[in-house]
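Chain naming here is simple, since letters A, B, ... match the order of the sequence lines and numbering starts at 1 in each. Note that this is a predicted model, so its numbers are computed, not measured.
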Protein chains: 2
Amino acid sequence: MRPAELIRYSVLAAQREGNRWLSRALRELELTPSASEVLRILGDDGPLTLSGVGELLVCESGTNPSRLVDRLVDAGLVARVPAPHDRRQVQLSLTAEGRAVEAQVREVEATLYSRIDAALEGVDAGSVIELLRRLSDGQPSGHALANRVGVERSIP
Amino acid sequence: MRPAELIRYSVLAAQREGNRWLSRALRELELTPSASEVLRILGDDGPLTLSGVGELLVCESGTNPSRLVDRLVDAGLVARVPAPHDRRQVQLSLTAEGRAVEAQVREVEATLYSRIDAALEGVDAGSVIELLRRLSDGQPSGHALANRVGVERSIP
DNA sequence: AATCATTTAATGACATGACATGTATATCAC
DNA sequence: GTGATATACATGTCATGTCATTAAATGATT
């Protein structure tokens with residue numbers, strides 16, 4: 001198997017298993033991994049419009065997180081209010097309950113990141129990050145990721 | 001953003017964009033990425049039972065590719081015959097048309113791997129492979145990947 | 001041989017993801 | 001100001017991906 005093919009399937013396998021781990025860890029919070037990403041985005045950078053969330057979502061190509069947000073509104077974790085100056089837009093923000101759940105999501109993520117840190121032992125993280133960045137560069141997910149990093153840096 | 005978080009989202013973004021690229025490339029063959037993986041597995045190692053395919057599939061946790069295979073049978077690319085000695089099992093193999101399509105899948109994959117090779121310029125592929133391997137080690141996708149590499153090596 | 005456990009596959013249920021289309025609103029060209 | 005265009009969001013459709021359950025067939029135990 002050529003290295004490129006091994007990397008292709010390794011990326012797929014790592015994503016699948018990371019998602020499965022996160023799904024199980026979030027089950028007690030009654031959240032899916034995608035839903036948790038929306039909560040964390042709104043917690044860090046909200047309030048945002050629907051497309052504003054879409055531009056920061058890595059888990060979806062950003063075209064339309066309407067239904068993803070629907071379930072969070074139904075669950076009482078996100079408030080959706082029409083924007084006053086532009087009635088096409090909706091403003092999304094966390095409710096009080098949403099903020100509480102988002103804090104729990106942070107704890108779950110901290111555990112995940114510790115596991116990834118452990119897996120990083122003895123490997124060149126820079127090579128990993130650079131290769132993966134190139135693989136999504138210029139594409140919607142790559143833009144979302146760049147926006148996420150950029151937004152974080154822009155908050156002093 | 002800590003390195004672990006960046007890696008988490010980079011893996012997700014790379015998988016998403018790789019899948020999107022492959023989806024578009026396979027569209028003219030009327031195949032999805034998952035369907036193409038089944039064809040390639042059967043082409044390399046078939047005939048196999050349904051669970052035999054599941055143990056080699058990275059794209060799904062192997063619990064049950066029934067419906068994935070259904071569509072390939074409907075499309076006339078895969079033959080499904082009951083196993084004579086154990087009527088619980090089904091034997092899956094490529095039809096003549098399936099073999100022809102699988103050859104085209106190989107060409108699409110060759111293009112994908114060239115793109116990955118280009119992205120590997122100047123990065124330590126060993127670090128990438130080792131980290132990603134650790135992230136799926138011991139899990140279904142990791143087993144499937146190990147089986148894929150192992151099966152390949154076991155064919156002299 | 002009868003019963004129970006295990007294995008294999010199919011199916012139900014739910015939430016994505018990706019792409020396409022529809023609809024209301026806002027903006028631009030003139 | 002009016003028509004055309006663009007934007008923001010919602011929705012339809014299809015194929016996953018995951019977990020659970022069911023059904024059939026086989027194997028193990030007694």
Side-chain angles (χ1 to χ4, degrees), chain A residues 12-13 15-27 29-38 48-55 57-75 78 80-92 139-141 144, chain B residues 12-13 15-27 29-38 48-55 57-75 78 80-92 139-141 144:
Chain A
L12 178 55
Q15 191 277 325
R16 286 275 181 279
E17 295 307 334
N19 212 52
R20 267 163 34 90
W21 184 93
L22 193 56
S23 290
R24 284 193 297 266
L26 291 171
R27 178 166 296 180
L29 302 180
E30 296 188 323
L31 288 178
T32 63
S34 297
S36 76
E37 192 178 352
V38 173
L48 288 165
T49 65
L50 189 66
S51 49
V53 172
E55 285 167 10
L57 267 179
V58 180
C59 73
E60 210 168 306
S61 66
T63 56
N64 215 319
S66 285
R67 281 166 288 210
L68 181 55
V69 170
D70 276 349
R71 274 180 287 274
L72 290 167
V73 173
D74 290 347
V78 168
R80 167 201 266 140
V81 299
H85 60 288
D86 186 339
R87 293 190 323 200
R88 292 172 305 181
Q89 297 184 346
V90 293
Q91 284 288 326
L92 302 173
Q139 303 305 123
S141 300
Chain B
L12 178 56
Q15 192 276 325
R16 284 274 180 281
E17 294 308 334
N19 210 53
R20 267 163 35 90
W21 184 92
L22 193 56
S23 289
R24 286 193 296 266
L26 291 171
R27 179 166 295 181
L29 303 180
E30 296 188 323
L31 287 178
T32 64
S34 297
S36 76
E37 193 179 352
V38 174
L48 288 166
T49 65
L50 189 65
S51 50
V53 172
E55 285 167 11
L57 267 179
V58 180
C59 73
E60 212 169 305
S61 66
T63 57
N64 216 320
S66 285
R67 282 166 287 212
L68 182 55
V69 170
D70 275 349
R71 274 179 288 275
L72 291 167
V73 173
D74 289 347
V78 168
R80 166 202 266 141
V81 299
H85 60 291
D86 186 339
R87 292 189 323 198
R88 291 172 305 181
Q89 297 183 347
V90 293
Q91 284 287 327
L92 303 172
Q139 302 306 122
S141 300

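- Residue A:S23 places none of its side-chain N or O atoms closer than 4.0 Å to OP1 or OP2 of D:dC19.
- Residue-to-nucleotide proximity on DNA chain D shows that, of A:R27 and B:L68, the 5′-proximal contact is made by B:L68.
- Rounded to whole angstrom, the span from the CG atom of A:L26 across to the C1' atom of C:dC14 amounts to 16 Å.
- In this structure, A:V81 and A:V90 have side chains that are not in contact, with every pair of non-hydrogen atoms separated by 4.5 Å or more.
- Looking at heavy atoms from C-beta onward, B:P140 lies in side-chain contact with A:E17 at the 4.5 angstrom threshold.
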### Query
How does protein contact run along nucleotides 1-10 of chain C, one letter per nucleotide 5' to 3', with B for base contact, S for sugar-phosphate only, - for none, heavy atoms under 4.0 Å?
------BSSB
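- Scanning for side-chain hydrogen bond (donor to acceptor under 3.5 Å, both in side chains) contacts around A:T49 gives A:S51, with sequence neighbours left out.
- Rounded to whole angstrom, the span from the CZ atom of A:R87 across to the P atom of C:dT27 amounts to 12 Å.
- A:P65 is not listed as a side-chain neighbour of A:V38, based on a closest heavy-atom distance of 4.5 Å or more.
- Straight-line distance from the CG atom of B:D74 to the P atom of D:dT16: 12 Å, rounded to whole Å.
- Contact check, A:T32 against C:dA15: no side-chain N or O comes under 4.0 Å of OP1 or OP2.
- In this entry the distance linking CG of B:L31 with P of D:dA15 reads 12 Å, nearest Å.
- Mapping B:N19 and A:P84 onto DNA chain C by nearest heavy atom places B:N19 closer to the 5' end of the strand.
- Two residues are said to be in side-chain contact when any heavy atoms from C-beta on lie closer than 4.5 Å; B:L26 and B:T32 fail this criterion.
- Distance, B:R71 CZ to D:dT16 C1': 7 Å, rounded to whole Å.
- One finds a side-chain N or O of B:R20 lying less than 4.0 angstrom from the OP1 or OP2 phosphate oxygen of C:dC19.
- A straight line from NE2 of A:H85 to C1' of D:dT7 spans 12 Å, rounded to a whole angstrom.
- The side-chain heavy atoms of B:L50 and B:N64, taken from C-beta on, include a pair separated by under 4.5 Å.
- A 4.5 Å side-chain heavy-atom check between A:C59 and A:E37 finds at least one atom pair inside the cut-off.
- Rounded to whole angstrom, the span from the CG atom of A:L22 across to the P atom of D:dG17 amounts to 17 Å.
- For the pair A:E37 CD and C:dA15 C1', the computed distance is 15 Å after rounding to whole Å.
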